[in-house]
Amino acid sequence: MTRTRFAPSPTGYLHIGGLRTSLFSWLWAKKNQGEFLLRIEDTDLARNSEEAVEAILKAFDWVGMSYDGEAIFQSKRFDLYKKYIDQLLEEGKAYKCYMTKEELDQLREEQKAKGERTRYDGRYRDFTGTPPEGVEPVVRIKAPQEGKISFVDGVKGEFSVDASEVDDFIIARSDGTPTYNFVVAIDDALMGLTDVIRGDDHLYNTPKQIVIYEALGFSVPNFYHVAMINNEQGRKLSKRDGATDVMEYKALGYLPEALLNFLVRLGWSHGDQEIFSVEEMIELFDPKDINKSSSNYNLDKLLWLNAHYIKNKPHDELAELLVDFGVDIRDSDKKDLILNATKERGKTLVELASQINLILNAPSEYNAKNAKRAFKGDAVEILGEFVEMLKGANASTKEEYHAVIESIVDKREIGFGKIGQPLRVSLLGSMTGSGLDEIMAILGTEETIRRVEKAIEFINA
RNA sequence: GACCCUUUCAUCUAGUGGCCAAGGAUAUUGCGUUUUCAUCGCAAAAACAAAGGUUCAAAUCCUUUAGGGGUCGCCA
């Protein structure tokens, strides 16, 4: 069975890049009817927080991704890791190193000065003498000293490093706690993962983890290293480049399906297809189609996708979502009229809400520029006549209101704009927006007349 | 500094030696539809990082250079 995972360290919110790799993992598990597991990497007791775990779960929940089984917390598995450390020590596959931090720093300085890659020199690897006094040792793994460590990466292809590149790295600190690369390998193996999809900043950790797999006799999973997401300039994505917290997108009025569609196409593609429902993603996703190169973050396409999903969303669901943005039309019998009139004008829920409010709330004042342009000439007369005609028309549908406008256009032999502009500013206070007939159908004759009369009053004043 | 990964229009990408004088999408510009704005439709402009090879033939293979990214912790 295919098993994948997401393994965040709970130090903050869920990052947009983290969501993409977990989306890939989730899709791959779903496609193969496998499992997607969650593991919280909270071994750094000082830095992680419970709020961060909750923030991550909340973001998962928002986009509709869920994990199988119970989340695993590494902080609760220290006894297990200890067991493996002892085992490796006993088997002679790991050893205690009494080098102090100061000595290590000094070694690195020297290596750097010589232009070498810094690495531990193995001085305690075969140490049999009496340990120095007062030094709590760390435990180091005996990494192979010759040959190459290789694996086939599902994205990058064959990857291999010289054994000399991997030093005898620390698996347990002097306080006895295990280190990252050690616990990752153990957990990935024990959780039965078949496919590890993660950021390519972990590429260099992989050989280290393979050393652990082999020392412990675990079988090595498939690795897929996905290139990073950069900002539009191709630089590392930072907070200054816009929203990096997944939940910010909710607040900005994006739909989760748009965000997922956007992210799945960042570094992955399926021919020329742009629009993917979650079901299609699951059906079509394959890590072999993941791009090797990093991609740059540009929100234009997300905005387009969001508009697409808003246009196609059922009205009941849109109404429900709009509540968070200050518009509650859930129980309105005009719900369909309102959304049909506005949903093509809002690329985000924020914009959609403001479009709706523009119609629902009578203008409190008229923008001086708009008023000057729209209320000039014989606009007052036309508006006055329009009110009279409305009173006798008994209109209620979009078509009936349209007919009223049309009849005044015919009667006075004027262009549509002659009545349209003043009417629009009267109703909305704005020169742009939804169709006038649609607006009036929403407002009803009474409210329409009230707004127009107010405008006439304003012009005459 | 050392080592590694990567490089197709502004952006996301298709492309695995001939189907490519490079296709799609977004963004941009123009035209059309629309009382307006938006939607929608049509069209335009726009790229193989550079230089050398290999080959009858290269975006695709090799080398070098350059740009970008990553790693080099008793962080994860």
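We name chains A, B, ... by the order of the sequence lines, and we start the count at 1 in each one. Values reported hereafter were calculated over all heavy atoms of this structure, with side chains retained and with hydrogens, waters and symmetry mates removed.
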Restricting to side-chain contact (heavy atoms from CB on, under 4.5 Å), what partner residues turn up for [X], sequence neighbours left out?
X	value
A:N361	A:N357
A:D153	A:F151, A:V155, A:K156, A:L203, A:F223, A:H225
A:V161	A:I149, A:F159, A:E165, A:V166, A:Y204, A:P207
A:L88	A:E91, A:K93, A:A94, A:I141, A:I171, A:F182, A:A215, A:L216

OP1 or OP2 of [N] sitting under 4.0 Å from any side-chain N/O of [X]?
X	N	answer
A:S293	B:rG69	no
A:R108	B:rC74	yes
A:S295	B:rU11	no
A:N181	B:rG73	no
A:S430	B:rU36	no
A:N296	B:rC12	yes

Q. Whom does B:rA25 pair with, Watson-Crick or G-U wobble, provided both distances fall under 3.5 Å?
A. B:rU11

So [X], base contact, sugar-phosphate only, or nothing? Heavy-atom distance under 4.0 Å.
X	result
A:S174	base
A:K343	nothing
A:E41	sugar-phosphate
A:S434	base
A:L266	sugar-phosphate
A:N291	sugar-phosphate

Can you sort out which residues in [range] have a heavy atom within less than 4.0 Å of RNA chain B? Ascending by number, please.
range	value
residues 297-309 of chain A	A:N298, A:D300, A:K301, A:W304
residues 401-419 of chain A	A:F416, A:G417
residues 131-156 of chain A	A:V138, A:K156

Q. Please, which pairs that meet salt bridge (Lys or Arg N to Asp or Glu O under 4.0 Å) have at least one residue in residues 349-359 of chain A, sequence neighbours excluded?
A. none

Q.
Show every salt bridge (Lys or Arg N to Asp or Glu O under 4.0 Å) that has at least one partner inside residues 295-304 of chain A, sequence neighbours left out.
A. A:E274-A:K301

(Q) Whether A:E110 and A:K114 form a salt bridge (side-chain N of Lys/Arg under 4.0 Å from carboxylate O of Asp/Glu) is what I want to check. (A) no

Q.
Check this for me, if you would: do A:K101 and A:D105 make a salt bridge, where the nitrogen-to-carboxylate-oxygen distance has to be below 4.0 angstrom?
A. no

**Q.** Partners meeting side-chain hydrogen bond (donor to acceptor under 3.5 Å, both in side chains) with A:R125 (sequence neighbours left out)
**A.** A:D168

Q: Could you tell me whether the side chains of A:Q74 and A:D187 share a donor-acceptor contact shorter than 3.5 Å?
A: yes

Atom pairs and distances, donor-acceptor, side-chain atoms in residues 369-383 of chain A, under 3.5 Å, two or more places apart:
residue: A:N370; atom: ND2; partner: A:G429; partner atom: O; Å: 3.4
residue: A:E381; atom: OE1; partner: A:R412; partner atom: NH2; Å: 3.4

(Q) Distance check needed: B:rG70 P versus A:F159 CZ, whole Å only. (A) 15 Å

(Q) Give me the distance, rounded to whole Å, that separates B:rU60 from B:rA49 when you measure between the C1' atoms they each carry. (A) 16 Å

Listing time: all N or O pairs from protein to nucleotides 15-23 of chain B that are below 3.5 Å?
residue: B:rG23; atom: N2; partner: A:D272; partner atom: OD1; Å: 2.9

Q.
Reading RNA chain B from 5' onward, which residue's closest nucleotide shows up sooner: A:E165 or A:G433?
A. A:E165

